[in-house]
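Here the structure comes first, spelled out in structure tokens, and everything after it is commentary.
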Amino acid sequence: MRTQSSAIAQTGIAVSGRPSTAIGTAQAALGVIAFSLTFPATAWGLEGFGPWALVAVRSVLAALLAGGCLLALRVPLPGRAHWPGLTVVALGVVVGFPLLTTLALRTSTTAHAAVVVGLLPLTTALCSALRIGTRPSRTFWVAALAGAAAVVAFTVQQSGGALTTADLYLFGALLVCAAGYTEGGRLARVMPGWQVVGWALVLCLPFTVPAAALALSYEPVRLTAHSVTGVLWVAAGSQFLGLVVWYRGMAAIGIPKASQLQLAQPLLTLVWSVLLLGEHLTVAAPLTAAAVLVCIAVTQRARG
């Protein structure tokens, strides 16, 4: 009982009380900000690395960072019952989503790729309902669907309304990431969120190390300031630190509500795309941002 209480305390969960909810919301929001930089950083990384090398190298670097933290703090191995869930997190968040979105970004703009992020909150809430039996209110679902529709309409309009060959990659990434988020959020209720991420990354090392060596030997590498910065960010920021605060936030405020904060992620990604990649936005951006913020406010107040 003492161990379980300690684990719950480390995730930032409280039985009741606004401070815990506020902290959890802030942590989930920090995760969204970190994730919003992933597509622009990936685009930078692709300037100097091939897609397979980029995904493998980012996973290895993130795993070394996470493994170092686990060793330094002498964290014991997770219980046997947790390994199936960690495997889902590893396949969905560590490998599946980065690989599929990186392959998509070879031919897709970051604006078009943001469609998958716009749909991710709704898909995560659906996975949560199916996997762990959460039952959000009708108001919650109406606001979530409205926010997702606004984001999809905006991102499709930004890409000219045309679907690309990268769409299969993007929708595949959507499904595997939602499954990984759901399992990660469930595990973060019984063990610290950073350990969920850390063990999932370490679990992939026997595969990502040889994959990185093989990919680097076949795909040309051109080290530039952009490519190195992009790889370092997606490894440390997106794949480790961002996931740590994200899972802690999900554990504190619940998977459905935390996932709705991601409705703002495509718009943040588009802002970064303008600042970092030189892409141009239309006047629809502030209107969509206002609609999304309203939807987020409604979902955060809706009672499940």
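With hydrophobic clusters built from ILVMFWY side chains whose heavy atoms lie under 4.5 angstrom apart, Val196 does not share a cluster with Val88. In the hydrophobic clustering of ILVMFWY residues, with side-chain heavy atoms under 4.5 Å counting as a link, Val292 and Leu287 come out apart. The same ILVMFWY cluster, assembled from side-chain heavy atoms under 4.5 Å apart, contains both Val95 and Leu243. Note on Leu241: it clusters hydrophobically with Leu70, by side-chain heavy-atom contacts below 4.5 Å among ILVMFWY residues. If you chain together hydrophobic residues whose side chains sit under 4.5 Å apart, Leu232 and Phe35 fall into the same group.
Heavy atoms only, all atoms of each residue included: Cys127 and Ala178 are closest at SG-CB, 3.8 Å. Across all non-hydrogen atoms, the minimal contact from Cys204 to Ala90 is SG-CB, 3.5 Å. The minimum heavy-atom distance between Leu120 and Cys177, with the atom names listed, is CD2-SG, 3.9 Å. Between Ala235 and Leu61, the closest heavy-atom pair is CB-CB, 3.8 Å. Considering every non-hydrogen atom in both Val298 and Ala143, the closest pair reads CG1-CB, 3.5 Å. Pairing each heavy atom of Gly230 with each of Trp44, the nearest pair is CA-CB, 4.2 Å.
Looking only at distances, a side-chain donor or acceptor of Thr101 sits under 3.5 Å from a matching main-chain atom of Pro98. In this structure a side-chain-to-backbone donor-acceptor pair under 3.5 Å is missing from Arg74 to Leu71. At least one donor-acceptor pair under 3.5 Å links the side chain of Ser227 to the backbone N or O of Thr224. Checking side-chain atoms of Arg222 against main-chain N and O of Phe49 turns up no donor-acceptor pair under 3.5 Å. Counting only distance, with no hydrogens or angles, the side chain of Gln239 and the backbone of Val94 share a donor-acceptor pair below 3.5 Å.
Donor-acceptor pairing under 3.5 Å is recorded for the side chains of Ser273 and Thr110. Between Thr208 and Ser59, the side chains place no donor N or O within less than 3.5 Å of an acceptor N or O (distance only, hydrogens not considered). Defined by atom type and a distance below 3.5 Å, a donor-acceptor pair is present between the side-chain atoms of Trp272 and Ser36.
Residues Pro51 and Glu219 form a side-chain contact, since some pair of their non-hydrogen atoms from C-beta on lies under 4.5 Å apart. With a 4.5 Å cut-off on side-chain heavy atoms, Gln195 and Pro78 do not count as touching.
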Between Phe240 and Trp194, does a ring-ring contact (aromatic ring centres under 6.0 Å, His included) hold up when you go through it step by step? CA-CA 8 Å; Phe240 182 61; Trp194 76 271; 7.1 Å; no
Applying side-chain contact (heavy atoms from CB on, under 4.5 Å) to Val197 and Trp246, what does each step give before you reach the verdict? CA-CA 10 Å; Val197 180; Trp246 173 245; over 6 Å; no
Verdict with supporting geometry, Arg248 and Val244, side-chain contact (heavy atoms from CB on, under 4.5 Å): CA-CA 6 Å; Arg248 286 176 66 90; Val244 167; 4.2 Å; yes
Do Leu86 and Leu187 pass the side-chain contact (heavy atoms from CB on, under 4.5 Å) test, and can you show the C-alpha distance, the side-chain angles, and the key distance before you say yes or no? CA-CA 8 Å; Leu86 289 171; Leu187 288 172; 3.8 Å; yes
With side-chain contact (heavy atoms from CB on, under 4.5 Å) as the test, would you mind laying out the steps for Leu205 and Leu201 before giving the verdict? CA-CA 7 Å; Leu205 267 178; Leu201 287 164; over 6 Å; no
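Test Val271, Thr269, Val274 against Pro40 for side-chain contact (heavy atoms from CB on, under 4.5 Å) and you get one pass: Thr269.
Of the inter-residue distances, the one linking Leu174 atom CG with Thr123 atom OG1 reads 3.5 Å to the nearest 0.5 angstrom. Interatomic distance, Leu99 CG to Arg58 CZ, rounded to the nearest 0.5 Å: 10.0 Å. Interatomic distance, Arg189 CZ to Met250 CE, rounded to the nearest 0.5 Å: 10.0 Å. To the nearest 0.5 Å, atoms CG (Leu203) and CG (Leu91) are separated by 8.0 Å. To the nearest 0.5 Å, atoms CG (Leu276) and CG (Leu37) are separated by 6.5 Å. Within the model, atoms CG of Leu216 and CG of Leu54 stand 10.0 Å from one another, a figure rounded to the nearest 0.5 Å.
Aromatic ring orientation, Trp199 versus Trp83: perpendicular (interplanar angle above 60°, classes split at 30° and 60°). Ring-plane geometry between Phe39 and Phe97 is classed as parallel, the angle between the planes falling under 30 degrees on a 0 to 90 degree scale with a further cut at 60.
Taking a 6.0 Å sphere around CH2 of Trp52, one finds it holds 12 or fewer heavy atoms contributed by other residues, nucleotides or ligands.
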